[in-house]
Protein chains: 2
Amino acid sequence: MTDTKSRLIQATLSTLREEGLAAASARTIAARAGTNQALVFYHFGTVNELLEASSNHAVDESVGRYREAFAGAESLAELLDIGRELHDSERRNGNVALMAQLMSGAHQDPVLARASQYAMSAWTREITLVLDRVLTASPIADLIDTEGLAHIISAAFIGLELYDGVDPTGAARALDTLEGLTQLLDVVNRLGPVARRALRSELGTTTQRGPRHH
Amino acid sequence: MTDTKSRLIQATLSTLREEGLAAASARTIAARAGTNQALVFYHFGTVNELLEASSNHAVDESVGRYREAFAGAESLAELLDIGRELHDSERRNGNVALMAQLMSGAHQDPVLARASQYAMSAWTREITLVLDRVLTASPIADLIDTEGLAHIISAAFIGLELYDGVDPTGAARALDTLEGLTQLLDVVNRLGPVARRALRSELGTTTQRGPRHH
DNA sequence: GTCTATAAGATGATAGAC
DNA sequence: GTCTATCATCTTATAGAC
């Protein structure tokens, strides 16, 4: 990748992270990259295709950086520790805010939609893999769809990040409470076989509703 | 409220819901309202103040419409049913997408930030009230901060709505899984006093980490 | 209150010199 | 590959006629 292309990508990432989607024009990005506005179109075709290339680059880098840590997790408690660290670092570097900005623009633009989908699939794929491994032979694995849970986790992080931009105190409180909830899940996860059977039969009585259709 | 003002507000809401924040300019909104672009500034000062007034209006209407239903909930199971109905109807009328759009723009604009904060507070206030009532004398009330839980619920709905715009299948799967999780919570909520004590002491051993600082 | 006209500026994208 | 110059179009916002 040429120097100019990668400078444009880095400039795009910092623009999205610091100023948001609305400020990410060819001119503002080129200024940050110390280059000319016309090069955005020469190298990437359109502005949104530059945003897509930048997002894909950032996602690949982030997912790769955490794949190793995920692979080392052997229990739900360990995974929670890694998840907390991951969330903290991704928020600090602005990647969660970046995804939230992209997703909000995806509603009307197919290129941004494709970029958002790439990012969400990359994360949920990794999260599903580690959840499947960690929750093997756990009562939770019987009761809950791990891929569905991975989707919930990704979506909740996006929502909390947006919320944090609006009410940091409330968002921090939500994160603390979320930690309590995952500990509750961890307790269920470590139940003995007797309690496990009781829980399953108890859930059976509350799961008499049919599947939902959206 | 004059006819023109309310027509502008309605036009703003449908624009935000159908075309997103990026398309919500004074001209597109005025065209939808069948009036002149200059009236946006005459009646509301700036475009973003029109967005704020419109959002506040929609939030007041929605929260009022559900206050009565919330007040009737006497158990967590009942509340879950109302919550499911609320979420379905709010998604159909586009109010969740509207809030997501506003929050994504709030990052750089103080007026949109104020509007987002108003919306989130209005919803979390109602949700906290009903959670406090429904979870009274439940083991969950001892273990979990209801206001924090209300924040999580609101933020997760926003995140899932954004996710739905990108991957409807994945979002639907997440919602089904979420239902399973709340049923798990309901089972814990209905535990007898013995299991309750066991759970509390079990959680005590996993809560040895200090409070988090953000 | 509502309109037209207009100012002053930003935007995506292209043509063409070098 | 990189630049300048430019087009056509959009934007917020205001002044002033009616």
Side-chain angles (χ1 to χ4, degrees), chain A residues 1-55 57 101-102 104-116, chain B residues 1-16 18-55 57 101-102 104-115:
Chain A
M1 186 148 57
T2 70
D3 190 52
T4 302
K5 275 185 87 165
S6 78
R7 278 214 327 278
L8 278 171
I9 285 178
Q10 291 306 321
T12 302
L13 293 176
S14 54
T15 302
L16 284 174
R17 296 199 257 241
E18 293 162 29
E19 302 181 66
L21 181 66
S25 72
R27 279 172 169 81
T28 57
I29 292 171
R32 226 185 244 258
T35 182
N36 190 278
Q37 171 258 147
L39 292 179
V40 167
F41 305 97
Y42 175 78
H43 284 295
F44 297 95
T46 67
V47 173
N48 282 346
E49 284 172 304
L50 167 58
L51 303 189
E52 183 187 20
S54 306
S55 168
H57 178 82
Q101 288 292 311
L102 237 52
S104 72
H107 199 253
Q108 280 304 314
D109 186 281
V111 176
L112 297 187
R114 197 172 54 199
S116 305
Chain B
M1 187 147 57
T2 70
D3 190 53
T4 301
K5 275 184 87 165
S6 78
R7 277 209 331 274
L8 278 171
I9 285 178
Q10 290 306 322
T12 302
L13 293 177
S14 54
T15 302
L16 283 175
E18 293 162 27
E19 301 182 66
L21 181 67
S25 71
R27 275 170 169 82
T28 57
I29 293 170
R32 226 184 244 259
T35 182
N36 191 277
Q37 169 259 148
L39 293 180
V40 166
F41 304 97
Y42 175 78
H43 285 295
F44 297 95
T46 66
V47 173
N48 282 345
E49 283 170 303
L50 167 57
L51 303 189
E52 182 187 21
S54 306
S55 168
H57 178 82
Q101 288 292 312
L102 236 53
S104 73
H107 199 252
Q108 280 303 314
D109 186 283
V111 176
L112 297 187
R114 197 173 53 198

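First the proteins, then the strands, lettered A, B, ... as listed; each starts at 1. No hydrogens, no waters, no symmetry mates; every other heavy atom, side chains included, goes into these values.
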Would you give the length of the straight line joining atom CG of A:D109 to atom OG1 of A:T46, rounded to the nearest 0.5 angstrom? 8.0 Å
Nearest heavy-atom approach of A:A30 to A:L8 is CA-CD2, 4.3 Å
So do the side chains of B:L51 and B:I29 get within less than 4.5 Å of each other, counting heavy atoms only? yes
Of all heavy-atom pairs linking B:L102 and B:L112, the shortest is O-CB, 4.2 Å
Scan nucleotides 4-7 of chain D against the protein and return all N/O pairs shorter than 3.5 Å with their distances rounded to 0.1 Å.
from: D:dT4; atom 1: OP2; to: A:N36; atom 2: ND2; distance (Å): 3.1

Rounded at 0.5 Å granularity, tell me how far CZ in A:R114 sits from CD in A:E49. 7.0 Å
Just how far, in rounded Å, is C1' of D:dA13 from CG of B:L39? 13 Å
Could you check how far CG of B:L51 sits from P of D:dT11, rounded to whole Å? 13 Å
Taking side chain to side chain donor-acceptor pair (under 3.5 Å) as the definition, give me every residue that meets it alongside A:E19, ordered by chain and number, with sequence neighbours left out. A:R32
Enter the distance from A:H57:NE2 to A:L13:CG here, rounded to the nearest 0.5 Å. 7.0 Å
Contact summary for B:Q37 and B:A26, nearest pair of heavy atoms: CG-CB, 4.0 Å
Can you give me the first and the last nucleotide of DNA chain C (5' to 3') that has an atom within less than 4.0 angstrom of a non-hydrogen atom in chain A? C:dT11 to C:dT14
